[in-house]
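Comments concern the structure below.
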Protein chains: 2
Amino acid sequence: MLINLDFEANEPIYQQLTNQIIDGIARKELKPGEGLPSVRSLAADIGINLHTVNKAYQQLKQEGFILIHRQKGVVINPDGVPKADESYRAQLQKKLRPIIAESICRDVDELEFLELCQSIYNSYKGGTTS
Amino acid sequence: MLINLDFEANEPIYQQLTNQIIDGIARKELKPGEGLPSVRSLAADIGINLHTVNKAYQQLKQEGFILIHRQKGVVINPDGVPKADESYRAQLQKKLRPIIAESICRDVDELEFLELCQSIYNSYKGGTTS
DNA sequence: CCATCTGTTATACTATAAATATAACAGATG
DNA sequence: CATCTGTTATATTTATAGTATAACAGATGG
């Protein structure tokens with residue numbers, strides 16, 4: 001999978017990496033059971049430190065996106081990502097609230113906001129395109 | 001307005017403060033032209049440093065939520081918050097993408113997501129309740 | 001058997017951001 | 001003229017991000 005990092009962004013590199021892998025899973029480019037590069041090879045590929053990759057992997061592991069077999073390597077969770085529970089839904093709402101508050105202040109009405117979300121959802125439905 | 005900060009959270013205090021003021025504007029508890037406390041008094045009220053408050057105010061000023069008259073104090077933008085432009089919409093989409101990607105991975109379907117957004121929008125329509 | 005790969009752990013260092021603590025300046029106000 | 005305003009400057013502490021090495025332990029393949 002192609003990884004594209006912005007080293008000038010405020011968002012930490014490990015967080016960008018985490019998000020891109022989640023994005024790959026959402027786009028079905030990364031499928032359950034599929035292997036990911038080792039921390040060392042991925043770090044070398046994108047020119048960052050292995051600990052930075054490891055931090056992303058640990059985060060993905062803790063949230064159930066991937067499994068890490070000590071010697072076998074890293075694998076997209078073969079059972080699929082754990083489905084949303086109430087804790088996740090609460091956290092989701094907490095993330096969306098300030099975004100929606102600002103949108104309201106800026107006169108983005110509900111319909112426009114929902115259509116934007118819809119269009120993003122649709123972008124994950126089609127082909128292999130990001 | 002009531003300010004509630006979580007000093008244990010990962011989110012910086014100045015960011016929490018910024019978000020709460022935006023939330024207050026969205027809820028219409030803070031109205032155009034209304035005054036905000038001085039950096040010193042607000043800092044004293046919530047028990048933080050004046051520079052932390054100032055950082056939040058500067059951010060709100062730069063994004064057009066408030067005006068700061070050198071000696072008169074801080075005021076909610078009397079002309080209202082600048083409406084969403086294309087730059088804001090692009091930034092909004094950038095914020096929503098990773099959130100939606102994770103939701104898709106966790107099997108939150110489009111309808112459920114949209115209804116959550118709707119319910120949040122509705123929470124800003126009613127009374128003075130947060 | 002041994003070189004090599006895996007994730008993991010530990011330590012150390014640099015750089016940056018967040019938050020605090022003081023202090024001072026300049027324009028208004030009463 | 002004392003007092004309040006935002007603003008600026010400096011310094012310190014703490015935490016996080018990222019890098020740099022190094023080593024360990026389990027597996028694998030030649």
Side-chain angles (χ1 to χ4, degrees), chain A residues 1 3-22 30 33-78 95 98, chain B residues 1 3-22 30 33-78 95 98:
Chain A
M1 193 181 81
I3 300 291
N4 219 323
L5 300 179
D6 179 3
F7 293 93
E8 313 300 322
N10 295 332
E11 198 179 19
I13 298 178
Y14 78 92
Q15 190 62 59
Q16 293 183 47
L17 184 52
T18 297
N19 283 341
Q20 295 219 9
I21 291 173
I22 294 176
L30 299 175
E34 188 169 339
L36 289 182
S38 75
V39 287
R40 285 180 178 84
S41 68
L42 182 52
D45 271 10
I46 56 189
I48 61 176
N49 192 274
L50 97 175
H51 291 109
T52 307
V53 175
N54 191 247
K55 192 165 181 178
Y57 276 3
Q58 289 301 325
Q59 194 175 335
L60 289 164
K61 170 188 167 190
Q62 204 199 334
E63 293 172 7
F65 290 94
I66 63 177
L67 298 184
I68 305 183
H69 304 83
R70 176 99 194 187
Q71 259 50 255
K72 293 183 181 174
V74 183
V75 168
I76 304 291
N77 193 333
K95 276 191 203 164
Chain B
M1 194 182 80
I3 300 290
N4 218 323
L5 299 179
D6 178 3
F7 293 92
E8 311 302 320
N10 295 333
E11 199 179 20
I13 297 178
Y14 77 92
Q15 190 62 61
Q16 294 183 45
L17 184 52
T18 298
N19 283 341
Q20 295 220 8
I21 291 173
I22 294 176
L30 298 176
E34 187 169 340
L36 289 181
S38 74
V39 289
R40 284 180 179 85
S41 67
L42 183 52
D45 271 9
I46 56 190
I48 63 177
N49 192 273
L50 99 174
H51 291 107
T52 307
V53 175
N54 190 247
K55 191 164 182 179
Y57 277 4
Q58 288 301 325
Q59 194 174 337
L60 288 164
K61 170 188 167 190
Q62 204 199 334
E63 294 171 8
F65 291 93
I66 64 176
L67 299 184
I68 305 183
H69 303 84
R70 177 99 194 187
Q71 257 51 256
K72 293 184 182 176
V74 183
V75 167
I76 305 291
N77 194 333
K95 276 190 203 165

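Proteins get letters first, then strands, A, B, ... in listed order; numbering begins at 1 in each.
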For [N], does the base pair up with any side-chain atom of [X] as donor and acceptor (N or O, under 3.5 Å, distance only)?
X: B/Arg40; N: D/dT7; answer: yes
X: A/His51; N: C/dT8; answer: no
X: B/His69; N: C/dA28; answer: no

Select base, sugar-phosphate, or nothing to describe what B/Gln58 touches, counting heavy atoms under 4.0 Å on all strands. sugar-phosphate
Just checking A/Tyr14: base, sugar-phosphate only, or nothing, at a heavy-atom cut-off of under 4.0 Å? sugar-phosphate
Using purine N1 to pyrimidine N3 plus N6-O4 or O6-N4 for Watson-Crick, or N1-O2 and O6-N3 for G-U wobble, both under 3.5 Å, which nucleotide pairs with [N]?
N: C/dC13; value: D/dG18
N: C/dG30; value: D/dC1
N: C/dA23; value: D/dT8

Within a strict 4.5 Å, meaning less than it, do heavy atoms of the B/Ile48 and B/Tyr14 side chains meet? no
[X] [atom1] to [N] [atom2]: how many Å, rounded?
X: A/Leu5; N: D/dA17; atom1: CG; atom2: P; result: 15 Å
X: B/Asn49; N: D/dT14; atom1: CG; atom2: C1'; result: 14 Å
X: A/Leu50; N: D/dA23; atom1: CG; atom2: C1'; result: 13 Å
X: B/Lys55; N: C/dT16; atom1: NZ; atom2: P; result: 14 Å
X: A/Glu8; N: C/dA17; atom1: CD; atom2: P; result: 12 Å
X: B/Ile48; N: C/dA21; atom1: CD1; atom2: C1'; result: 14 Å
X: B/Phe7; N: C/dT20; atom1: CZ; atom2: C1'; result: 12 Å
X: A/Leu67; N: C/dT8; atom1: CG; atom2: C1'; result: 17 Å

Candidates A/Ile21, A/Thr52, A/Thr18, A/Leu17 - the one meeting side-chain contact (heavy atoms from CB on, under 4.5 Å) with A/Tyr57: A/Ile21
Could you measure the distance from the [atom1] atom of [X] to the [atom2] atom of [Y]? Nearest 0.5 Å is fine.
X: B/Asn4; Y: B/Ile46; atom1: CG; atom2: CD1; result: 10.0 Å
X: A/Ile3; Y: A/Ile13; atom1: CD1; atom2: CD1; result: 12.5 Å
X: B/Gln58; Y: B/Lys61; atom1: CD; atom2: NZ; result: 4.5 Å

Please determine, for the side chain of A/Thr52, which listed nucleotide (D/dT7, C/dT8, D/dT19) has the closest atom? D/dT19
Where the side chain of B/Lys61 is defined as all heavy atoms beyond and including C-beta, which of C/dA19, D/dT19, D/dT7 is the nearest nucleotide? D/dT7
With respect to the phosphate group of [N], does any side-chain polar atom (N or O) of [X] fall under 4.0 Å of OP1 or OP2?
X: B/Ser38; N: D/dT5; answer: yes
X: B/Asn54; N: D/dG6; answer: no
X: A/Lys72; N: C/dG7; answer: no

Note: for B/Ile13 and A/Val74 on DNA chain C, the residue whose nearest nucleotide lies more 5' is A/Val74
Does the B/Gln16 side chain pair with the main chain of B/Glu11, one donor and one acceptor, at a distance under 3.5 Å? yes
